[in-house]
Novice: 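Dropping a structure here in structure tokens format, bear with me for questions.
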Amino acid sequence: MGKNDFLTPKAIANRIKAKGLQKLKWYCQMCEKQCRDENGFKCHCMSESHQRQMYVFGQNPDRFVDGYSQEFENSFLEHVKRTHRFSRVAATVVYNEYIADRHHIHMNSTQWATLTDFVKYLGRTGKCKVDETPKGWFITFIDREPETLLKESLKNKRVRSDLAEEERHEREIQGQIERAEKYVAKPSGNSSSPEPPQDLAKTESLTNGKIAFSFSKPVLTSDSTEKRKFDSVFEDGENDIGNSRARKEINRQKFNDSAALEELMKEQEHAKEKMNRKDYWVCEGIVVKVMSKALAENGYYKQKGVVVKVIGKYVGEIKMIESGHVLRVDQEELETVIPQIGGLVRIVNGAYRGCNARLLAIDTAKYCAKVQIEKSIYDGRLLRAIEYEDICKIAQ
């Protein structure tokens with residue numbers, strides 16, 4: 001068996017080490033390369049590829065650090081939401097589970113030096129409930145996604161509407177009971193009880209041994225007839241008043257419900273806009289226009305290309321449509337492309353970020369467009385005025 005054979009103990013140990021996690025200080029986040037020892041990390045830092053990446057990093061270091069910090073935060077919270085959504089768990093446990101993936105975003109490339117600083121940041125921003133105990137820091141995830149908030153608001157709205165409906169029914173029943181008691185009640189001044197009418201009069205005829213029955217008809221006086229007429233008139237008037245009040249109450253309740261629903265929808269739209277409005281918009285699969293005048297001498301100025309990869313959320317690898325060359329351009333030197341009416345666009349910023357939509361009309365005076373969302377949870381929703389900068393043509 002040779003010295004460097006595949007089944008030698010040293011080769012097996014090397015493969016085991018390559019699969020597992022290595023020391024954090026020997027990891028290069030810009031190149032996404034893990035080195036196994038100090039000598040390997042030193043050789044990597046002297047390589048040409050690493051020097052090119054560091055030159056790109058040196059042009060705007062704060063943007064790269066912020067991008068890595070945002071990616072680390074999003075992936076960490078996504079792991080917490082997926083594994084410990086409704087439980088209180090130690091921060092070290094979650095972090096050890098998170099770094100089990102060797103391709104995770106390392107903390108040494110973010111703005112937080114320690115896990116304690118990151119946990120305090122989560123508690124300060126209200127993304128997790130943080131508790132400090134003698135056993136360490138514990139976190140509890142707070143779900144603030146727009147869909148979850150919308151479902152919770154609609155659920156509370158249904159509960160409030162059900163309670164209002166029950167209260168309205170109770171008031172109507174109570175009013176009917178009071179009116180019935182008023183109609184049935186008799187005046188207390190008439191204490192003398194009337195004599196029972198003699199509906200049946202029996203007369204005996206002694207002749208021929210026969211018995212004869214005679215039925216007497218009740219006699220209605222003019223006073224009793226007029227009293228019944230007046231009572232019926234007053235009852236009809238009170239019933240009409242009660243019905244009109246009930247209709248007014250129902251109409252007022254419907255107006256209040258519609259106003260509350262409209263206000264709730266506005267609040268949800270504002271919350272989604274605030275949450276999804278970011279300072280970066282570049283994403284894969286869209287057509288952009290290069291507006292860098294520094295690239296004019298190479299013939300790339302105002303030329304269109306397709307974003308094939310996003311680096312650090314702010315830099316995109318653009319494959320030019322005409323020449324096929326691949327460039328790395330910052331988003332500040334890119335511009336969105338608006339297709340013809342009827343074409344597909346992607347919403348790259350704002351409340352409905354990430355959704356695909358169909359372009360219906362363009363308002364050149366207000367620099368906005370009218371689109372209809374397709375193939376998402378908001379399918380069919382119409383956005384009447386969305387800015388040009390928030391939509392971009394999708395590469396076919």
Side-chain angles (χ1 to χ4, degrees), residues 17-84 89-125 127-128 130 136-137 139 141 278-284 307-318 326-334:
K17 290 179 181 179
K19 288 183 180 179
L21 296 174
Q22 304 295 323
K23 288 188 177 182
L24 185 63
K25 63 181 180 179
W26 295 333
Y27 182 82
C28 178
Q29 185 66 61
M30 285 295 297
C31 303
E32 297 182 359
K33 180 176 177 60
Q34 175 68 61
C35 300
R36 291 172 53 186
D37 52 21
E38 186 176 359
N39 186 34
F41 185 72
K42 181 179 179 181
C43 293
H44 170 71
C45 293
M46 297 173 62
S47 64
E48 183 180 356
S49 60
H50 179 76
Q51 295 295 331
R52 286 198 302 267
Q53 292 294 333
M54 293 308 296
Y55 175 74
V56 175
F57 176 80
Q59 292 179 353
N60 198 341
D62 294 336
R63 175 165 292 183
F64 280 96
V65 172
D66 294 340
Y68 286 131
S69 301
Q70 188 67 31
E71 289 184 12
F72 177 82
E73 178 186 347
N74 293 339
S75 55
F76 187 87
L77 292 177
E78 183 67 23
H79 178 76
V80 175
K81 183 177 70 173
R82 188 173 60 251
T83 57
H84 307 284
V89 64
T92 54
V93 174
V94 181
Y95 182 72
N96 290 331
E97 294 174 355
Y98 171 71
I99 64 174
D101 181 15
R102 60 179 301 187
H103 299 293
H104 69 278
I105 302 297
H106 289 62
M107 187 175 286
N108 65 347
S109 61
T110 64
Q111 60 183 349
W112 303 288
T114 61
L115 180 62
T116 301
D117 296 338
F118 178 63
V119 171
K120 290 180 180 179
Y121 164 79
L122 294 179
R124 189 167 57 252
T125 56
K127 297 176 181 178
C128 289
V130 178
W137 289 90
I139 59 175
F141 180 70
K278 308 293 184 181
D279 60 344
Y280 55 91
W281 56 269
V282 179
C283 59
E284 298 179 1
V307 180
V308 296
K309 185 179 179 181
V310 179
I311 302 173
K313 294 187 178 181
Y314 300 94
V315 179
E317 282 192 358
I318 315 299
V326 178
L327 309 176
R328 284 190 179 183
V329 187
D330 192 272
Q331 70 171 13
E332 293 182 354
E333 298 177 344
L334 297 175

Novice: Are any of the side-chain heavy atoms of Leu115 and Met107 separated by less than 4.5 Å?
Specialist: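 In short, these two side chains touch, coming nearer than 4.5 Å.
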Novice: Taking atom NZ as the centre, does Lys120 end up with more than 12 heavy-atom neighbours from other residues, nucleotides or ligands that are less than 6.0 angstrom away?
Specialist: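 Incorrect, the count does not exceed 12.
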Novice: May I have the step-by-step check of side chain to side chain contact (heavy atoms under 4.5 Å, CB included) for Val89 and Phe141, ending in yes or no?
Specialist: CA-CA 9 Å; Val89 64; Phe141 180 70; over 6 Å; no
Novice: Using the benzene-type ring in the case of Trp, are the ring centres of Tyr95 and Phe118 under 6.0 Å apart?
Specialist: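 Aromatic pair excluded; centres sit 6.0 Å or further apart.
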Novice: If I compare all heavy atoms of His79 with all of Tyr98, which pair ends up nearest, and what's the gap?
Specialist: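 Nearest heavy atoms, His79 then Tyr98: NE2-N, 4.1 Å.
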Novice: Taking all heavy atoms of Cys31 and all of His50, pick out the closest pair and write down the distance.
Specialist: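 Looks like SG-ND1, 3.6 Å.
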Novice: Are Tyr68 and Phe57 near enough that their ring centres are under 6.0 Å apart?
Specialist: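 Between Phe57 and Tyr68, which both carry aromatic rings, the centre distance is not below 6.0 Å.
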Novice: Look up atom NE2 in His84 and atom SG in Cys128, then write down how far apart they are to the nearest 0.5 Å.
Specialist: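 Here the interatomic distance stands at 11.5 Å.
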Novice: With a 4.0 Å cut-off, would you call Lys42 and Glu38 a salt bridge?
Specialist: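 A salt bridge is absent here (no side-chain N lies under 4.0 Å from a carboxylate O).
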Novice: Roughly how far, to the nearest 0.5 Å, is the NZ atom of Lys81 from the CD atom of Glu78?
Specialist: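 Here the interatomic distance stands at 4.0 Å.
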Novice: Quick check against the 3.5 Å criterion: does His106 have a side-chain atom that pairs as donor or acceptor with the backbone of His104?
Specialist: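 Side chain of His106 to backbone of His104: a pair is present.
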Novice: State, with a plain yes or no, whether a side-chain heavy atom of Leu122 is found less than 4.5 Å away from one of Leu77.
Specialist: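 With C-beta onward as the side chain, the pair touches.
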Novice: With side chains defined as the heavy atoms from C-beta onward, is the minimum distance between Phe64 and Val315 less than 4.5 Å?
Specialist: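 Heavy-atom side-chain distance check passes, below 4.5 Å.
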Novice: Could you go through Phe76 and Ile139, starting from their C-alpha distance and side-chain angles, then the distance that decides it, and tell me whether this counts as side chain to side chain contact (heavy atoms under 4.5 Å, CB included)?
Specialist: CA-CA 12 Å; Phe76 187 87; Ile139 59 175; 4.2 Å; yes
Novice: Test side chain to side chain contact (heavy atoms under 4.5 Å, CB included) on Val308 and Glu284 and set out the steps.
Specialist: CA-CA 5 Å; Val308 296; Glu284 298 179 1; over 6 Å; no
Novice: Do Asp279 and Tyr314 meet the criterion of a side-chain donor-acceptor pair at a distance under 3.5 Å?
Specialist: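 Indeed, the side chains of Asp279 and Tyr314 share at least one donor-acceptor pair under 3.5 Å.
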Novice: Quick check on Glu48: does its CD atom have over 12 non-hydrogen neighbours (other residues, nucleotides or ligands) under 6.0 Å away?
Specialist: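 Result for CD/Glu48: open.
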Novice: Under 3.5 Å, side chain of Gln70 to main-chain N/O of Lys313, donor-acceptor pair present?
Specialist: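 The answer is no, because no donor-acceptor pair under 3.5 Å joins these two groups.
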Novice: Evaluate the criterion salt bridge (charged side-chain N to carboxylate O under 4.0 Å, His left out) for residue pair Arg82 and Glu97; output intermediate values, then yes/no.
Specialist: CA-CA 12 Å; Arg82 188 173 60 251; Glu97 294 174 355; over 6 Å; no
Novice: Side chain to side chain contact (heavy atoms under 4.5 Å, CB included) for Val65 and Thr110? Distances and angles first, verdict last.
Specialist: CA-CA 6 Å; Val65 172; Thr110 64; 5.8 Å; no
Novice: Is the Trp112 ring parallel, tilted or perpendicular to the Tyr121 ring (thresholds 30°, 60°)?
Specialist: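 Because their plane-to-plane angle lies in the 30° to 60° range, the rings of Trp112 and Tyr121 count as tilted.
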Novice: Might you point out which heavy atoms bring Gly316 and Val282 nearest each other, and give the distance in Å?
Specialist: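 Taking Gly316 first and Val282 second, the nearest heavy atoms are CA-CG1, 4.3 Å.
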Novice: May I ask you to decide if Asp66's main-chain N or O and Gln111's side chain share a donor-acceptor pair within less than 3.5 Å?
Specialist: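 Not at all, since once roles are kept as given, no pair shorter than 3.5 Å links the two residues.
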